[in-house]
Chemist: 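Next up is a structure, given as structure tokens.
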Amino acid sequence: MPGAPGEGIPPSATEAPKAPPVPRQPIVLKAPSEDNLMGQELMLNGLTGSLKLERAGAGTTARIVLPGNKISQPVEACKVPLNGGAPLAVSSEGRPEGVGRFEVTGGECPLRFDVLDGAILVQSMSGPVCTFAAADCATTPTGLWGPAAATLVPRASEFEAARGGADRAVRENYKLISQRLRGPELRPVVTEQAAFSSDREQMCRTYAREGAHGFCNLRFTEARALALATRLGVNTNTASPSASASPPRPRRKPPVEGMNPDTGGAPFADQ
């Protein structure tokens, strides 16, 4: 028999695969500004209803029309303007998950708003369905409220390019958290991360023409990346976006001999 066991086998074939390197610092995406969203009318899944945040002095108000289905005839659609269509005062809750958060408390349908880039992630705090008996309407406000699909499809390539950086930020920030936290502190993060992809699919599958633009998937992923960075101690109010979070810029090709660099590569004109 030839030699000792393993003799003649390359070292790389017998070594255990190395774990991927852990980043030294969190990847921080640009946190969306609430001011950029003020006055924009958004719709649930880009389809129906109406949600508009507005400044009112030092505070913020919201005009909300919730879409739903009639209680007496579930196949028929209905809408309920909260507060009779008048502005509702909302309270600012800071940035507990890395993005601006507002809440509408009290009433028949208390709501939580997480402000994303050009959209608002709404969660009903009293359950998935808000029922308005007097209006004969059961509403489901939880979901992504954003622009109509017609305004998003032309930007599909922009969203696709940004998605790579957002996905990477989620992976790297989670990897860093898993190294820093232990035991009970890590368990909820592991559970959330395991459910992240399915939660994103469930949230975004009903957004109008999502497959044509990917807007909802991108914004949901960015929100997750910012939430993980916040758990790593990053203050998204003051943090600058990480250079590693941005897609690489294409390198400019060197000018070819005989070409004029000042005209974008056009040949020199005959003198």
Side-chain angles (χ1 to χ4, degrees), residues 29-55 60-69 77 79-82 85 87-88 90 92-93 95 97-104 109 111-125 128-130 139-167 169-170 196-227 236:
L29 303 181
K30 181 180 180 181
S33 169
E34 295 90 338
D35 290 335
N36 293 337
L37 200 63
M38 294 296 165
Q40 294 188 34
E41 187 170 7
L42 308 175
M43 297 175 288
L44 178 58
N45 294 319
L47 288 170
T48 185
S50 176
L51 171 57
K52 184 188 293 186
L53 294 180
E54 299 173 318
R55 292 294 187 198
T60 303
T61 62
R63 294 178 184 268
I64 309 169
V65 179
L66 299 180
N69 294 90
K79 293 183 179 180
V80 178
L82 296 187
L88 276 164
V90 300
S92 175
E93 304 299 320
R95 291 177 173 244
E97 296 290 332
V99 297
R101 174 171 291 176
F102 296 94
E103 290 185 356
V104 176
C109 193
L111 300 171
R112 174 178 294 157
F113 308 143
D114 283 340
V115 178
L116 310 184
D117 187 359
I120 295 177
L121 188 60
V122 175
Q123 180 179 355
S124 171
M125 296 190 290
V129 179
C130 290
T139 66
T140 53
T142 296
L144 190 75
W145 294 63
T151 66
L152 299 175
V153 172
R155 301 174 60 192
S157 58
E158 171 194 335
F159 300 147
E160 183 180 2
R163 172 76 180 271
D167 282 333
V170 170
F196 167 66
S197 295
S198 60
D199 289 345
R200 180 175 60 188
E201 170 63 22
Q202 184 175 359
M203 176 70 66
C204 296
R205 66 187 177 187
T206 52
Y207 201 97
R209 300 187 65 188
E210 175 66 14
H213 51 73
F215 174 77
C216 179
N217 274 259
L218 171 61
R219 297 303 182 233
F220 194 86
T221 305
E222 290 172 337
R224 176 63 178 166
L226 285 164
T236 58

Chemist: Tell me which pairs pass salt bridge (charged side-chain N to carboxylate O under 4.0 Å, His left out) where either residue lies in residues 197-219, with sequence neighbours left out.
Modeler: Asp117-Arg219, Asp167-Arg200, Arg219-Glu222
Chemist: Ignoring hydrogens and geometry, is there a side-chain-to-backbone donor-acceptor pair from Thr139 to Gly68 under 3.5 Å?
Modeler: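 Judged by distance alone, no pair lies under 3.5 Å.
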Chemist: Consider side-chain contact (heavy atoms from CB on, under 4.5 Å). Of Val115, Leu226, Ile120, which one does Val99 pass it with?
Modeler: Leu226
Chemist: Of all residues at least two apart in sequence or in a different chain, which pass the side chain to side chain donor-acceptor pair (under 3.5 Å) check with Glu93?
Modeler: Ser91
Chemist: Could you walk me through whether Leu88 and Ile64 pass the side-chain contact (heavy atoms from CB on, under 4.5 Å) test, one step at a time?
Modeler: CA-CA 8 Å; Leu88 276 164; Ile64 309 169; 4.2 Å; yes
Chemist: Tell me, do Val65 and Pro67 make a side-chain contact under 4.5 Å, heavy atoms counted?
Modeler: no
Chemist: Under 3.5 Å, which donor-acceptor pairs link side chains of residues 140-153 to any protein atom two or more places apart or in another chain?
Modeler:
unit_1, atom_1, unit_2, atom_2, d
Thr142, OG1, Ser124, N, 3.1
Trp145, NE1, Pro141, O, 3.0
Thr151, OG1, Ala148, O, 2.8

Chemist: Quick one: pull up OG in Ser197 and CD in Gln202 and give me the separation to the nearest 0.5 Å.
Modeler: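 Rounded to the nearest 0.5 Å, the OG-CD separation comes to 13.0 Å.
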Chemist: Using side-chain contact (heavy atoms from CB on, under 4.5 Å), reason through Val90 and Ser92 one step at a time and then give a plain yes or no.
Modeler: CA-CA 7 Å; Val90 300; Ser92 175; over 6 Å; no
Chemist: Got a sec, which residues hit salt bridge (charged side-chain N to carboxylate O under 4.0 Å, His left out) with Glu160, two or more places apart in sequence or on another chain?
Modeler: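 Here no residue qualifies.
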Chemist: Please, which pairs that meet ring-ring contact (aromatic ring centres under 6.0 Å, His included) have at least one residue in residues 29-50, sequence neighbours excluded?
Modeler: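 Of all non-adjacent pairs touching residues 29-50, none passes ring-ring contact (aromatic ring centres under 6.0 Å, His included).
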Chemist: Rounded at 0.5 Å granularity, tell me how far CG in Leu82 sits from CG in Leu111.
Modeler: 6.5 Å
Chemist: Under 4.5 Å between any side-chain heavy atoms of His213 and Tyr207, yes or no?
Modeler: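 The answer is yes; the side chains approach within 4.5 Å.
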Chemist: For residues 47-54, run the donor-acceptor check on the side chains, cut-off 3.5 Å, and write out each pair with its distance to 0.1 Å, sequence neighbours left out.
Modeler:
unit_1, atom_1, unit_2, atom_2, d
Ser50, OG, Glu41, OE2, 2.6
Glu54, OE1, Arg63, NE, 3.3

Chemist: Kindly write out the residues that satisfy side chain to side chain donor-acceptor pair (under 3.5 Å) with Asn69, not counting sequence neighbours, or none if the list is empty.
Modeler: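 Result, side chain to side chain donor-acceptor pair (under 3.5 Å) vs Asn69: none returned.
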Chemist: Given side chains that start at C-beta, do those of Thr221 and Arg163 come closer than 4.5 Å, heavy atoms only?
Modeler: yes
Chemist: How many angstroms lie between CD in Glu103 and CZ in Phe113, if you round to the nearest 0.5 Å?
Modeler: 9.5 Å
Chemist: Quick one: do Phe220 and Leu218 satisfy side-chain contact (heavy atoms from CB on, under 4.5 Å)? Show the steps, please.
Modeler: CA-CA 6 Å; Phe220 194 86; Leu218 171 61; over 6 Å; no
Chemist: Applying side-chain contact (heavy atoms from CB on, under 4.5 Å) to Val122 and Asp114, what does each step give before you reach the verdict?
Modeler: CA-CA 7 Å; Val122 175; Asp114 283 340; over 6 Å; no
Chemist: Gln40: what forms a side chain to side chain donor-acceptor pair (under 3.5 Å) with it, not counting sequence neighbours?
Modeler: none
Chemist: Using atom types as modelled, flag every donor-acceptor pair under 3.5 Å from a side chain in residues 29-38 to any protein atom, sequence neighbours excluded.
Modeler:
unit_1, atom_1, unit_2, atom_2, d
Ser33, OG, Asp35, N, 3.3
Glu34, OE1, Arg95, NH2, 3.3
Asp35, OD1, Arg55, NE, 3.3
Asp35, OD1, Arg55, NH2, 2.6

Chemist: Taking ring-ring contact (aromatic ring centres under 6.0 Å, His included) as the definition, give me every residue that meets it alongside Phe159, ordered by chain and number, with sequence neighbours left out.
Modeler: Phe215
Chemist: With Glu158, which residues qualify under side chain to side chain donor-acceptor pair (under 3.5 Å), at least two apart?
Modeler: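 Counting only residues at least two positions away or on another chain, Glu158 forms a side chain to side chain donor-acceptor pair (under 3.5 Å) with Arg155.
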Chemist: For residues Ala212 and Ala156, report the shortest heavy-atom separation together with the two atoms involved.
Modeler: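 Of all heavy-atom pairs spanning Ala212 and Ala156, the closest is O-CB, 3.4 Å.
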